[in-house]
Amino acid sequence: MTSHSDLLAAKITAALVACVERGELNCEIPATITLERPKNRDHGDYASSIALQVAKSAGRAPREIAELLKRDLEALAEVASVEIAGPGFINITLERASQGEVVRQIREQGENFGRGKSLLGVAINLEFISANPTGPLHLGHTRWAAVGDALGRVLAAAGAKVTREFYINDRGNQMDLFGASVRAAATGQPIPENGYQGAYIADLAKEVVALNPEVLTLSGDEQSIQFRELAYKVQLKSQQEILETFGTKFDVWFSERSLHSSGAVEHGLEKLRSQGHVFEQEGATWLRTTDYGDDKDRVLIKSGGELTYFASDTAYYINKRERGSDICIYMLGADHHGYVHRLKAIAACAGDDPAYNIEILIGQLVKIMEGGEEVKLSKRAGTIITLEDLVEKVGVDAARYTLIRYPVETPMVLDVDVLKKRTNENPVYYVQYAHARIAAVLRNAAELKVAHALADFDPALLVHDRENELLGALAEYPRIVASAAEMREPHRIARYLEELAGVYHGFYADCRVLPLGDEPSTPTHSARANLCAATKQVLGNGLQLLGVGAPERM
RNA sequence: GCGCCUGUAGCUCAGUCGGAUAGAGCACUCGCCUUCUAAGCGAGUUGUCGCAGGUUCGAUUCCUGCCAGGCGCACCA
């Protein structure tokens with residue numbers, strides 16, 4: 001079943017082709033047809049500026065071209081009227097009954113309504129958060145925990161095979177420093193220079209000792225190693241637990257160490273060597289990333305023989321691709337944007353297409369306000385806000401929703417006080433309230449014996465402007481999902497849901513759904529109840545893509 | 001110095017491939033609950049789309065330069 005926008009776009013293309021074939025027009029046929037829903041209701045249900053676009057190549061006035069297309073479009077059964085406006089816009093108004101058919105589609109497809117095939121057959125590896133297991137997840141990770149998870153759901157809804165992956169940076173100096181810090185805290189020694197300072201280190205130390213008292217009997221390096229390993233386990237588990245309660249799930253927790261122990265690093269190096277981008281200089285082994293837009297070449301093996309973190313990155317990328325991912329998406333914080341060129345270069349050096357096989361999304365940093373003041377974050381002073389803190393303050397739904405509703409390139413300010421409010425300032429409640437409100441109406445419908453099965457639905461009875469507006473908004477949903485997936489922008493789902501909820505609230509205010517008092521139930525009541533059910537379905541589907549709850553009662 | 005991101009209403013921010021009179025919430029003023037959830041609806045007010053050029057039927061959107069803010073430029077992890 002195709003939507004009206006798809007249908008109209010196809011018909012416009014067909015009409016253009018027909019005009020060209022008849023010799024009425026001589027122009028290039030655009031690959032995609034611009035079809036938008038006008039902001040102004042007077043401009044019809046759909047509008048196209050196609051005549052303006054092809055006017056130049058056709059060498060004809062836009063309005064003349066629009067007239068040619070108008071004839072073909074008017075002949076369609078779904079179309080009520082076609083108007084030509086302004087410089088050559090084509091405004092299309094649909095037959096009301098035809099527009100109402102979307103309710104049938106939604107109710108038949110249920111939770112599958114909105115799912116598409118634009119990414120069918122594409123395997124996508126989505127890597128996000130990837131924190132060091134040396135501390136709690138903080139605000140920066142939290143944005144990705146919400147957005148990354150939502151993007152995974154959106155990509156899957158577009159048909160992609162998605163692998164969500166968390167890369168555990170469990171190797172290197174930072175881990176040793178972490179172990180030494182925990183050990184120092186446990187044994188009453190001062191925290192080492194550049195060590196980890198937060199209060200959580202002391203808590204970790206206590207927990208490690210409580211679980212493994214024998215660690216205190218060890219000495220020297222062995223004790224350091226044991227503290228590192230035991231604290232690593234505890235910290236990783238706690239990250240996993242909080243992500244679980246946050247509703248963010250990973251398919252793969254990938255350990256950096258495992259890259260080394262499995263031989264993946266050597267394998268990656270061989271692959272890069274075979275592609276001819278590896279060279280030796282000053283005793284070190286380098287990857288010539290400057291061949292592909294990086295501003296300097298990068299060291300893989302230091303002159304001392306140690307492998308760099310960058311070497312792990314190359315191996316990890318190659319490993320992801322060999323595990324079957326077509327596209328590797330990296331979600332990084334703005335403080336890592338300097339990595340974009342070198343990551344792209346890794347793909348190119350491995351013989352891949354950096355424009356297709358690898359994508360890097362940069363998320364700007366998140367600030368937090370409380371009591372009208374910015375909370376300054378400092379690891380050293382221990383004033384970091386963790387994912388757990390945020391959830392405790394505002395709850396999972398409000399936190400997730402707010403983090404997702406902004407494009408990631410927008411630096412955002414989370415206002416904790418606003419997130420606690422239950423007003424329009426806090427849009428998650430606005431959307432959830434619409435869903436709960438419909439649930440209440442449908443409960444009442446059942447009680448009042450208003451038939452609202454699909455069999456009782458007559459689309460021709462939905463003739464009110466508010467009904468029309470709501471139907472139009474519902475029909476948009478599949479396009480929104482498809483564009484959110486294509487553009488990797490899950491915030492579009494949230495913005496759409498706010499729009500849809502607003503349209504529903506307006507409908508609800510003007511159109512009585514259920515019979516009043518002793519009134520008998522009419523087919524119009526049934527039609528409206530069906531419209532409500534369809535709206536509830538779409539709100540629920542959208543919230544599900546965001547990982548936010550769709551409550552039946554509030 | 002080089003690179004990336006941002007600059008839209010008093011505040012927080014949307015704005016799809018360049019489209020018609022640039023939007024939403026908050027704030028402010030005023031209406032709407034003896035019947036489906038008022039966590040709602042309606043009306044009013046709010047703009048040098050950072051600045052200056054360019055591209056064209058048309059620019060908040062694309063290009064160039066500048067201004068302002070944030071971030072980054074390791075044989076660190």
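Just so it is clear, the values below take in all heavy atoms, side chains as well, and ignore hydrogens, waters and symmetry mates. Every chain is numbered from 1, with letters handed out A, B, ... down the list of sequences. From a predicted model like this one, the values you see are computed outputs, not experimental measurements.
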* Asked: With a 4.0 Å cut-off on heavy atoms, is A:Tyr430 in touch with a base, just the backbone sugar-phosphate, or nothing at all?
  -> sugar-phosphate
Mate of B:A27 across any strand shown (Watson-Crick or G-U wobble, both atom pairs under 3.5 Å) is none
Applying the 3.5 Å cut-off to both distances, the Watson-Crick or G-U partner of B:C66 turns out to be B:G50
Considering only heavy side-chain atoms of A:Asn173, the closest of B:C76, B:A39, B:C17 is B:C76
To the nearest angstrom, the CD-P distance between A:Glu498 and B:G15 comes to 12 Å
Would one find a side-chain N or O of A:Arg37 under 4.0 angstrom from OP1 or OP2 of B:U16? no
- Under 4.0 Å between a side-chain N/O of A:Lys296 and OP1 or OP2 of B:A74, yes or no? yes
Would you tabulate the nitrogen or oxygen pairs shorter than 3.5 Å linking the protein to nucleotides 42-46 of chain B?
| unit_1 | atom_1 | unit_2 | atom_2 | d |
| --- | --- | --- | --- | --- |
| B:G42 | OP1 | A:Arg466 | NH2 | 3.3 |

Does A:Phe89 stack onto the base of B:A20, taking stacking as ring centres under 5.5 Å apart and planes under 30° apart?
-> yes
Re B:U60: Watson-Crick or G-U wobble partner, both distances kept under 3.5 Å, found to be none
- Compute the ring centroids of A:Tyr433 and A:His505, then answer whether they are less than 6.0 Å apart. yes
Testing B:C75, B:G19, B:G15 for proximity to the side chain of A:Pro407, the answer is B:G15
- Looking at the rings of A:Phe128 and A:Phe166, which for Trp means the six-membered one, are their centres under 6.0 Å apart? no
Measure from the ring centre of A:His43 to the centre of the six-membered ring in the base of B:A20, then say whether that distance is under 5.5 Å and the planes meet at under 30°. yes
Picking from B:C36, B:G19, B:G15, the nucleotide nearest the side-chain atoms of A:Val441 would be B:C36
A:His277/A:Tyr292 aromatic ring centres below 6.0 Å: yes
Closest to the 5' end of RNA chain B, once A:Phe310 and A:Ala85 are matched to their nearest nucleotides, is A:Ala85
### A:Phe507 and A:Tyr504 aromatic centres sub-6.0 Å
yes
Quiz item: OP1, OP2 of B:C76 versus side-chain N and O of A:Lys302: anything below 4.0 Å?
Solution: yes
For B:U34, the nucleotide meeting Watson-Crick or G-U wobble distances (both under 3.5 Å) is none
With no angle test and no hydrogens, is the base of B:C75 tied to the side chain of A:Thr308 by a donor-acceptor pair under 3.5 Å? no
Between N or O atoms, less than 3.5 Å apart, protein on one side and nucleotides 2-4 of chain B on the other: list the pairs.
| unit_1 | atom_1 | unit_2 | atom_2 | d |
| --- | --- | --- | --- | --- |
| B:G3 | N2 | A:His337 | NE2 | 2.1 |

